[in-house]
Amino acid sequence: MPAITLPDGSVRSFPGAVTGAEIAAAIGPGLARAALAMEVDGVAMDLSREITADARLRFITRKDEAALELIRHDAAHVLAEAVQELYPGTQVTIGPAIENGFYYDFYRNEPFRPDDLPAIEAKMREIIARDAKFVREVWEREEAIEFFEAQGERFKAELIRDLPAGETITIYRQGEWLDLCRGPHMRSTGDIGNGFKLMKTAGAYWRGDARNPMLSRIYGTAWRDNKELEAYLHQLEEAERRDHRKIGKAMDLFHIQEEAVGSIFWHPKGWKLYRNVEAYIRRRQEAGGYEEVRTPQLVDRRLWELSGHWEKYRKNMFIAEVAEEDTMLALKPMNCPFHVQIFKQGLRSYRELPMRMAEFGACHRYEPSGALHGIMRVRAFTQDDAHIFCTEDQIAAETVRFVALLERVYKDFGFESFTVKFSDRPEIRAGSDEVWDRAEAALKSACEKAGVSYTLNPGEGAFYGPKLEFVLRDAIGRDWQCGTIQVDFVLPERLDAEYVTPESGRARPVMLHRAIIGSFERFIGILIENYAGRFPLWLAPVQAVVATIVSDADGYAAEVAQALSAAGLAVELDVSNQKIQAKIREHSLAHVPNIRVVGRKEAETGQVALRRLGGASQEMHSLAGAVALLKAEATPPDLRP
RNA sequence: GCUGUCAUAGCUCAGGGGUAGAGCACUUCAUUGGUAAUGAAGAGGUCCUGGGUUCAAUUCCCAGUGACAGCACCA
């Protein structure tokens, strides 16, 4: 006698085992038509599943956000069926729902190419039109393995073999086709609807491991209806327009060329933007008790051997040799060992701790070619690096202090939201388990004190210690680690850093590796996308253009530009022989935040007209007023009164 | 690094076995026009690099390099 509690609190009792479909039908024909699946005590299930005991039940309809995952998962199954119908002999592997859509990985000799997608998509629509029911079956393990092996599906057979003993093995049929699957699914292929589209092909390693064979992956996007699909496709186009590589070119900020792969040529405007960011960070850090240092680029391998990098990181390091000498130098991939060298000069006292040592450190890392991405992932970059030498007792307070600084900075740059990941001990690591226990515990308690909530990123810590990662999202939806703080008990030991304790003994400092924006290159890339090139005034590389209407005003325009420039603003003067419409258009397209228009009238009255980017109207100011206004608006957030 | 796609003017791109085009940008001339494109003329290319096929290759084939997408990587 199962009693079913519905979301509105009402309870319905049934004489015996009852399926979701039957319950929906009992409630009403409308619901029976709309219900795609159900949640029983919070677990999503097929409508055809029987409920035998009391349960809380919620139906999932198309209106429900939860329908998206079902549609995407079902679409993946239909994709696999379509592919096997069109390309017999292709082996299936796995095909999950993902953010915005789904994919399926196939194994075949010839990988799929973009040209293959239209035919596959057409076949999918055919299968959906067939509206075949999804039928769930429970199979015996051996039976399932034998079946898939007989079909030549060795990947599926492997998957089943690796399922934990005792796990129920379920198969879902749709018409003639079937797949190993945990479910749940909707009622039939027709429930998928038309709001989907195959997007791209790609290679992907079997089980995500580069030592395994490469599979051919097909990505699709799927939504509840065509309108949602169109909206998503439109959003993708919009995101593409914000791409920092496009804007960087259009605004003449930087370029990269073949002879220096992974390194940036910063153009005047891009470098101005860079320096604006740098100056701001420098001021924030100085105010936050950091002292800035500068350390060498090229250092003898002996130091890297001591630090452990030579052993663990060598394949990512650029090496330099000189014919005259029998030495091998390496370009630094990071700054930490060098800061320890500074710490070690002289005898340090506990009184000096915490010592916060900052460097805008230029680092080189040989990143795999496929990893490079615009200015976001490069081989030569500059970190806003700092190392805090402190006692174990100071870890929590320093972490709290750092998180506060980071939040302040992100807010000033316009990022209201970011995610935090806690990465704990990796498989390959330095230091004993006891040391790791302490480091992880210290960082966790610091998170609590700082009120930081995080998701766990197991096994992703640095080899010397656990870390917090602060992640920002770019225009295309990719996540990038920017800020980080990492607890390190290992390097001070390896490089023999110590300080004098109050008892006149010697002790090892703990090192906190930390960065707020991570690297200037990556962070500026994200800034560009976040603002779509329309930077707030304090960051904008060109803050105003003075544009003339007639050449009679050239002299006065120069005076205006001079006055703005003297007030510290980045100003350009446009006295070119063009109509004012053309000038407005040109500078608007270049995202110049302010255009000061000067004609005969202004020259006579000593005024300036201001047209703001995106605005259609103008404001009139006196010259002194105009200077004061822009100067105030261009003040970086940390310098505002 | 792996799989796939791509590489033509400064930029965005079209084209095609007989050494090449558009728009924008650039230069010059005319124009002095009041808030998102004034007009005209001109200049600009080893069609990524190296090999092969061919009477002939920028075009077809192979390799390399680089870019892009995804995967792997990101201490």
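Side-chain atoms are counted along with the backbone in the values below, which use heavy atoms only and exclude waters and symmetry mates.
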Minimum-distance pair of heavy atoms, taken over all atoms of A:Tyr103 and A:Ala76: O-CB, 4.0 Å

Of the listed nucleotides B:rA36, B:rA72, B:rU3, the one nearest the side chain of A:Pro111: B:rU3

Could you tell me whether A:Phe389 and A:His339 have their ring centroids closer than 6.0 angstrom? no

Of the listed nucleotides B:rC73, B:rA37, B:rG34, the one nearest the side chain of A:Ala582: B:rA37

Using atom CD1 of A:Ile98 as one end and atom C1' of B:rA69 as the other, report the distance to the nearest whole Å. 13 Å

Checking N1-N3 plus N6-O4 or O6-N4 for Watson-Crick, or N1-O2 and O6-N3 for wobble, each under 3.5 Å, the partner of B:rA69 is B:rU3

Atom-to-atom span, NZ of A:Lys421 to P of B:rA75 - whole angstrom: 11 Å

Between P of B:rC26 and CD of A:Gln578, the distance in whole Å: 8 Å

Quick one: which of B:rU35, B:rG70, B:rC73 gets closest to the side chain of A:Ile584? B:rU35

Now, which nucleotide makes the Watson-Crick or G-U wobble pair with B:rA63, with each of the two distances under 3.5 Å? B:rU49

Pair A:Phe523 + A:Phe415: ring centers closer than 6.0 Å: yes

Contact class for A:Lys467 (heavy atom, under 4.0 Å): base, sugar-phosphate, or nothing? sugar-phosphate

What is the base-pairing partner of B:rA25, counting Watson-Crick and G-U wobble geometry with both distances under 3.5 Å? none

Where the side chain of A:Met214 is defined as all heavy atoms beyond and including C-beta, which of B:rA36, B:rC2, B:rA75 is the nearest nucleotide? B:rC2

Under a 3.5 Å cut-off for both contacts, is B:rU54 paired Watson-Crick or G-U wobble with anything, and if yes, with which nucleotide? none

Rounded distance in Å - NZ (A:Lys583) to C1' (B:rA37): 14 Å

Does A:Gly308 reach a base, just sugar-phosphate, or nothing at all? Heavy atoms under 4.0 Å. nothing

What about A:Ser551, does its side chain sit under 3.5 Å from the base of B:rU32 through a donor-acceptor pair? yes

First encountered from the 5' end of RNA chain B, between A:Tyr205 and A:Ile256: A:Tyr205

What does A:Gln486 touch in the nucleic acid at a heavy-atom separation under 4.0 angstrom: a base, only the sugar-phosphate, or nothing? nothing

Side chain to side chain, A:Met317 and A:Trp304, heavy atoms closer than 4.5 Å: yes

Quick one: does A:Gln581 reach the base of B:rU35 with a side-chain donor-acceptor pair under 3.5 Å? no

Give a yes/no verdict on a cation-pi contact between A:Arg211 and A:Trp206, requiring under 6.0 Å between NZ or CZ and the six-membered ring centre and an angle within 45° of the axis. no

Is there aromatic stacking of A:Phe463 on B:rA75 here, judged by a ring-centre distance under 5.5 Å and a plane angle under 30°? no

Within the 4.0 Å heavy-atom criterion, would you say A:Arg377 contacts the bases, only the backbone, or no part of the nucleic acid? base

What is the distance, to the nearest angstrom, from the CZ atom on A:Phe112 to the P atom on B:rU5? 14 Å

Pairing partner (Watson-Crick or G-U wobble, both distances under 3.5 angstrom) of B:rA36: none

Is the centre of the A:Tyr87 ring less than 6.0 Å from the centre of the A:Phe112 ring? yes

A:Arg585, nearest nucleotide to its side chain (from B:rA36, B:rG34, B:rG4): B:rA36

Of A:Arg522 and A:Glu258, whose closest RNA chain B nucleotide lies nearer the 5' terminus? A:Glu258

Which nucleotide wins on minimum distance to the side chain of A:Val550, given the candidates B:rU32, B:rA72, B:rU38? B:rU32

Indicate whether OP1 or OP2 belonging to B:rC68 is found under 4.0 Å from a side-chain N or O atom of A:Arg245. yes

Inspect the surroundings of CZ in A:Arg302 and state if more than 12 heavy atoms from other residues, nucleotides or ligands are less than 6.0 Å away. no

Classify A:Ala250 by what it touches in the nucleic acid, base, sugar-phosphate, or nothing, heavy-atom distance under 4.0 Å. nothing

Expressed in angstrom and rounded to an integer, what is the separation of A:His373 atom NE2 from B:rG70 atom C1'? 12 Å

Suppose we call a contact any N or O donor and acceptor under 3.5 Å apart; does that hold for the side chain of A:Glu367 and the base of B:rG1? no

Touch class at under 4.0 angstrom, heavy-atom based, for A:Arg429 against every strand present: nothing

Check whether A:Phe106 forms a cation-pi arrangement with A:Arg217 (NZ or CZ under 6.0 Å from the six-membered ring centre, at most 45° off the ring normal). no

Could you tell me how far apart A:Asp116 (CG) and B:rU3 (C1') are, to the nearest whole angstrom? 14 Å

Please pick, from B:rC11, B:rA75, B:rC68, the nucleotide with the shortest atom-to-atom distance to any side-chain atom of A:Lys249. B:rC11

Minimum-distance nucleotide to A:Arg600 side chain [options: B:rA75, B:rU35, B:rU32]: B:rU32

Between B:rA75, B:rU35, B:rG70, spot the one nearest the side chain of A:Lys200, thanks. B:rG70

Length of the line joining A:Tyr219:OH and B:rG70:C1', which is rounded to integer Å: 5 Å

For A:Gly374, answer base if it contacts any base atom (sugar-phosphate contacts may also be present), sugar-phosphate if it contacts only those atoms, and nothing otherwise; contact means non-hydrogen atoms under 4.0 Å. sugar-phosphate

For the aromatic rings, using the six-membered ring if either is Trp, is the centroid distance between A:Phe254 and A:His267 under 6.0 Å? no

Select base, sugar-phosphate, or nothing to describe what A:Pro333 touches, counting heavy atoms under 4.0 Å on all strands. base

Please check the phosphate of B:rA36 (OP1 and OP2 only) for any side-chain N or O of A:Arg611 closer than 4.0 Å. yes

Please determine, for the side chain of A:Val261, which listed nucleotide (B:rA67, B:rG33, B:rA37) has the closest atom? B:rA67

Are A:Arg478 and B:rA69 close enough that a side-chain N or O sits under 4.0 Å from OP1 or OP2? yes

Indicate, with a heavy-atom threshold strictly under 4.0 Å, whether A:Leu589 touches base, sugar-phosphate, or nothing. base

